[in-house]
Amino acid sequence: MDLDTRIAQWSGQLPPGFVPHAVIRQHPPRCVQPRCKRPCARKANGEWARSCQPCLDRRARSCKRRREALVAEGGCRRCAYRKRAECDFLCPRCREDRDIERAQKRRDAIDAAAIDEFAAQPERVHKASNLDCGISPWNARPKRQASAAYWSPLPDPEPKSEQTWRQSLDDNGWRLSRH
Ligand SMILES: [Zn+2]
Ligand SMILES: [Zn+2]
């Protein structure tokens, strides 16, 4: 499978330079707003918007006015639908969301700094260590242990006095003794 296809599948985004199939369409679709018969506007990415440009502008202005009115009445600066908390310009929920976003941004910055620091390190020649050679306390053989026979040897099965083969029959060793 193509690597670009895999990356696109994993990331869920089209690969750079991908040209989608051209949709042959002579007439742009009509604006979806009621009682508006103008053709739809173009979005920045070339797709058709759902409404015409005057309707888009009108709706954007309406949203802005509504937000301004709600904020003037004490609404949150971010969502504008909940009252803002005391001594704050955000509602508790937006404040929490913003704190989370800030913490994530900080975390991302720290991670990016760590990655950059690692990438800035010069490449070193790999030197084999004992671990690379397989010498490790984890795969070593167990130490030898004394068996029970070492600590408690069996008694001599035959006393030395009965081992007559140790004594010569015709030599009692008189030459080795001192007179
Ligand atoms: Zn319209
Ligand atoms: Zn809010």
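Just so you know, ligand 1 is whichever comes first in the structure, and atom 1 is the first atom listed for that ligand.
For the Zn ion (ligand 1), the count of nearby protein N, O or S atoms, meaning those under 2.8 Å away, is 4.
Looking at heavy atoms from C-beta onward, Cys79 lies in side-chain contact with Cys94 at the 4.5 angstrom threshold. No side-chain heavy atom of Glu47 sits less than 4.5 Å from a side-chain heavy atom of Arg42. Considering only heavy atoms from C-beta on, Arg67 stays 4.5 Å or farther from Tyr81 through its side chain. Between Gln13 and Ile7, every side-chain heavy-atom pair lies at or beyond the 4.5 Å cut-off. In this structure, Arg50 and Leu56 have side chains that are not in contact, with every pair of non-hydrogen atoms separated by 4.5 Å or more.
Protein N/O/S atoms closer than 2.8 Å to the Zn ion (ligand 2): Cys76 SG, Cys79 SG, Cys91 SG, Cys94 SG.
Between Asp111 and Arg107 a salt bridge is recorded (basic side-chain N to carboxylate O distance below 4.0 Å).
Gln53 and Asp57 form a side-chain donor-acceptor contact under 3.5 Å, judged by distance and modelled atom types alone.
Taking each heavy atom of Ala8 and Pro15 in turn, the nearest pair found is CB-CD, 3.7 Å.
Here the side chain of Ser62 pairs no donor or acceptor atom with the backbone of Arg58 at under 3.5 angstrom.
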